[in-house]
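Here is the structure we will look at.
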Amino acid sequence: MRNLSVIWFILLFISIIACTSKSGKKPSLKKGSTVSGKVITIIDGDTYEVLIQDNKTIRVRMEGIDAPEKGMPFYKVSKKYLSDLCFGKQVTLKITGEDQHDRVLAFAYLEDGKELSQEMIKAGLAWHFKKYNSNQELSEFELEARNLRKGLWIDENPMSPWENRKLHRNGISTKDSFNIEENNR
């Protein structure tokens with residue numbers, strides 16, 4: 001009789017674990033698929049969260065761009081610009097993959113057809129992330145923003161976010177590397 005109770009307890013435990021893991025499971029979003037939802041959180045100038053069907057939240061890393069990191073010039077400006085573009089709005093995501101941090105990589109389209117990665121580059125508030133994206137249109141938008149000295153391109157040679165991250169990984173602080181006003185941080 002005791003063995004039956006132990007077996008019953010084990011089966012109950014396994015079924016609870018199975019149900020819990022299914023309810024918290026990340027939705028399956030394959031490359032090339034589309035999903036729509038409402039932008040509910042802005043993390044920084046190239047990352048945000050979207051509430052999709054079944055009350056699931058996904059973290060989206062914008063395809064093709066890299067925006068200033070916290071502490072870099074134009075970090076706050078970039079984050080606010082992205083917020084003004086899409087916070088609280090419906091977006092349609094065209095999934096391009098997933099990154100090493102389990103974020104969905106996607107191009108995001110507003111209801112008026114504007115694509116968020118393009119808008120951030122046009123405003124001069126992000127770099128075209130050529131290491132991971134070869135979109136010629138994004139390159140052209142970056143070149144135009146550079147030529148017009150828009151946003152972060154007011155500086156002749158701004159430090160890119162990937163350079164900043166590399167220095168940090170090597171234990172080098174960039175805290176005093178930028179000569180910027182507080183409102184551009």
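Note: hydrogens, waters and symmetry copies are ignored here, and every other heavy atom, side chains too, is used. In this chain, residues are counted from 1 in sequence order.
- To the nearest 0.5 Å, the span separating CD1 on Ile65 from CD on Glu142 amounts to 11.0 Å.
- Tyr75 and Lys70 make their closest contact through CD1-N, 3.3 Å (heavy atoms, listed as atom of the first residue, atom of the second, distance).
- No path of Ile, Leu, Val, Met, Phe, Trp and Tyr side chains, each step under 4.5 Å between heavy atoms, connects Leu105 with Leu116, placing them in separate hydrophobic clusters.
- Applying the side chain to side chain donor-acceptor pair (under 3.5 Å) criterion to Asn133, with sequence neighbours excluded, gives Glu63, His128.
- Connection of Phe87 to Leu51 is not established within any shared hydrophobic cluster, with ILVMFWY side chains joined at heavy-atom distances below 4.5 Å, either directly or through further cluster members.
- Between Ile42 and Cys86 the shortest heavy-atom distance is CD1-SG, 3.9 Å.
- No single ILVMFWY cluster, assembled from side-chain heavy atoms under 4.5 Å apart, contains both Val77 and Leu148.
- Checking side-chain atoms of Ser33 against main-chain N and O of Lys30 turns up a donor-acceptor pair under 3.5 Å.
- Of the options Thr96, Asp99, Asp66, a side chain to side chain donor-acceptor pair (under 3.5 Å) to Arg61 is made by Asp66 and by none of the others.
- Taking each heavy atom of Arg146 and Trp127 in turn, the nearest pair found is NH2-CD1, 4.4 Å.
- Under the 3.5 Å distance criterion, the side-chain polar atoms of Asn170 are left unmatched by any main-chain donor or acceptor of Ile172.
- Taking the side chain as every heavy atom from C-beta outward, Leu93 and Ile58 approach each other to under 4.5 Å.
- Between Asp84 atom CG and Glu119 atom CD the span is 12.5 Å, to the nearest 0.5 Å.
- Note that CZ of Arg59 is 11.0 Å distant from NE2 of His101, once rounded to the nearest 0.5 Å.
- The nearest pair of heavy atoms linking Ala145 to Gly124 is CB-CA, 4.0 Å.
- Taking the side chain as every heavy atom from C-beta outward, Tyr81 and Met120 approach each other to under 4.5 Å.
- Within a 6.0 Å radius of CD1 in Ile154, other residues, nucleotides and ligands contribute 12 heavy atoms or fewer.
- Taking OG of Ser139 as the start and CD of Glu144 as the end, the distance is 13.0 Å to the nearest 0.5 Å.
- In this model, no donor atom of one side chain and acceptor atom of the other lie less than 3.5 Å apart for Thr92 and Thr34.
- Not a single donor-acceptor pair under 3.5 Å links the side chain of Lys38 to the backbone N or O of Val91.
- Within 6.0 Å of atom CD in Gln136, more than 12 heavy atoms from other residues, nucleotides or ligands are found, so the atom counts as buried in its surroundings.
- Distance alone, capped at 3.5 Å, is enough to place a donor-acceptor pair between the Lys89 side chain and the Leu85 backbone.
- The side-chain heavy atoms of Arg103 and Val60, taken from C-beta on, include no pair separated by under 4.5 Å.
- Residue Phe129 holds its CZ atom at 12.0 Å from OG of Ser117, rounded to the nearest 0.5 Å.
- No single ILVMFWY cluster, assembled from side-chain heavy atoms under 4.5 Å apart, contains both Ile43 and Val50.
- For Gln90, the CD atom sits in a packed shell: over 12 heavy atoms of surrounding residues, nucleotides or ligands are nearer than 6.0 Å.
- Cation-pi geometry between Lys94 and Phe107 is not satisfied (NZ or CZ under 6.0 Å from the ring centre, within 45° of the ring normal).
- Follow the hydrophobic side-chain contacts under 4.5 Å out from Met62 and you reach Val39 in the same cluster.
- Arg165 is listed as a side-chain neighbour of Arg169, based on a closest heavy-atom distance under 4.5 Å.
- Nearest heavy atom pair, residue Leu152 against residue Pro68, reads CD2-CG, 4.1 Å.
- Across Glu137 and Gln118, no two heavy atoms sit closer than the pair OE1-NE2, 3.2 Å.
- The distance from the NZ atom of Lys150 to the NZ atom of Lys122 is 9.0 Å, given to the nearest 0.5 Å.
- Under the 3.5 Å distance criterion, the side-chain polar atoms of Ser78 are matched with a main-chain donor or acceptor of Leu125.
- Applying the 6.0 Å contact sphere to NZ of Lys130 captures more than 12 heavy atoms from other residues, nucleotides or ligands.
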Could you give me the CA-CA distance, side-chain angles and deciding distance for Glu98 and Lys31, then say whether salt bridge (charged side-chain N to carboxylate O under 4.0 Å, His left out) is met? CA-CA 8 Å; Glu98 191 173 283; Lys31 183 177 181 177; over 6 Å; no
